[in-house]
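I have placed the structure first, in the form of structure tokens, so that the comments after it can refer back to it.
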Amino acid sequence: MDETAPKPDWLSNRAKVAGERTDDFGNEDDDEEFDADDEVWNMLTRSFRQAQTVLDENRALIEEVNRNHELKNPDSMVKNVSLMTQIHGNISKEALWN
């Protein structure tokens with residue numbers, strides 16, 4: 001085998017793992033692009049966490065509404081009005097974030 005022949009790309013380059021960043025050192029434009037990608041990724045992560053928090057809170061409120069509904073007494077129904085108003089408010093806030 002000719003040892004001076006260049007290696008094929010698949011042999012000389014390590015395979016990129018899904019989601020892994022591969023930096024091309026020495027190219028400032030790429031560094032700026034990766035910084036922007038990191039900023040976007042961080043913003044999306046924060047947004048998803050905020051949305052998940054609201055969804056978790058609404059899930060707990062809906063479970064409470066369901067328990068109160070099963071009791072079928074006037075006090076429980078009055079509490080449900082307040083709980084559903086809170087759920088509605090959470091949904092309205094969520095819509096404003098997007």
Side-chain angles (χ1 to χ4, degrees):
M1 181 171 186
D2 184 9
E3 293 181 17
T4 61
K7 294 180 185 177
D9 285 342
W10 63 268
L11 185 58
S12 61
N13 293 335
R14 184 176 63 82
K16 182 179 176 185
V17 177
E20 179 183 337
R21 259 179 58 175
T22 56
D23 289 327
D24 184 11
F25 296 104
N27 189 338
E28 291 180 23
D29 290 339
D30 284 345
D31 289 343
E32 290 173 12
E33 182 180 326
F34 286 127
D35 289 343
D37 288 347
D38 286 344
E39 186 177 329
V40 169
W41 183 254
N42 289 335
M43 182 182 67
L44 283 171
T45 301
R46 276 192 309 274
S47 295
F48 284 130
R49 284 187 183 138
Q50 288 174 336
Q52 188 61 53
T53 299
V54 171
L55 291 170
D56 291 341
E57 182 179 347
N58 282 353
R59 181 184 309 115
L61 291 169
I62 290 167
E63 288 171 358
E64 190 173 348
V65 166
N66 288 335
R67 283 191 302 270
N68 288 342
H69 184 71
E70 289 173 3
L71 294 174
K72 297 185 182 189
N73 65 43
D75 289 339
S76 297
M77 297 299 140
V78 170
K79 287 180 185 175
N80 276 356
V81 171
S82 174
L83 293 170
M84 287 187 261
T85 301
Q86 189 174 349
I87 292 167
H88 177 73
N90 288 346
I91 293 169
S92 298
K93 272 193 289 187
E94 181 67 23
L96 292 175
W97 291 343
N98 295 323

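- Contact of the Asn68 side chain with the Val65 side chain is not registered, since no non-hydrogen atoms from C-beta on lie closer than 4.5 Å.
- If you chain together ILVMFWY residues whose side-chain heavy atoms come under 4.5 Å of each other, Leu44 ends up grouped with Val40, Phe48.
- Listed by chain and number, the residues in a side-chain hydrogen bond (donor to acceptor under 3.5 Å, both in side chains) with Asn66 amount to none (sequence neighbours excluded).
- Hydrophobic clustering keeps Val78 apart from Leu71 (ILVMFWY residues linked when any side-chain heavy atoms are closer than 4.5 Å, directly or through intermediates).
- Defined by atom type and a distance below 3.5 Å, a donor-acceptor pair is present between the side-chain atoms of Gln52 and Asp56.
- When hydrophobic residues (I, L, V, M, F, W, Y) are linked wherever their side-chain heavy atoms come within less than 4.5 Å, Trp41 remains an isolated member.
- Residues passing the side-chain hydrogen bond (donor to acceptor under 3.5 Å, both in side chains) test with Ser76, sequence neighbours excluded: Asn73.
- Among residues two or more places apart in sequence or in another chain, the side chain to side chain contact (heavy atoms under 4.5 Å, CB included) test is passed with His88 by Ser92.
- Distance CG/Asn58 to CG/Leu83: 11.0 Å, rounded to 0.5 Å.
- Sorted by first and then second residue, the salt bridge (charged side-chain N to carboxylate O under 4.0 Å, His left out) pairs with a member in residues 69-86 form an empty list; sequence neighbours excluded.
- Hydrophobic clustering (side-chain heavy atoms under 4.5 Å, transitive across Ile, Leu, Val, Met, Phe, Trp, Tyr) groups Leu61 together with Ile91.
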task: Tell me, with the steps shown, if Ile87 and Asn90 meet side chain to side chain contact (heavy atoms under 4.5 Å, CB included).
output: CA-CA 5 Å; Ile87 292 167; Asn90 288 346; 5.6 Å; no
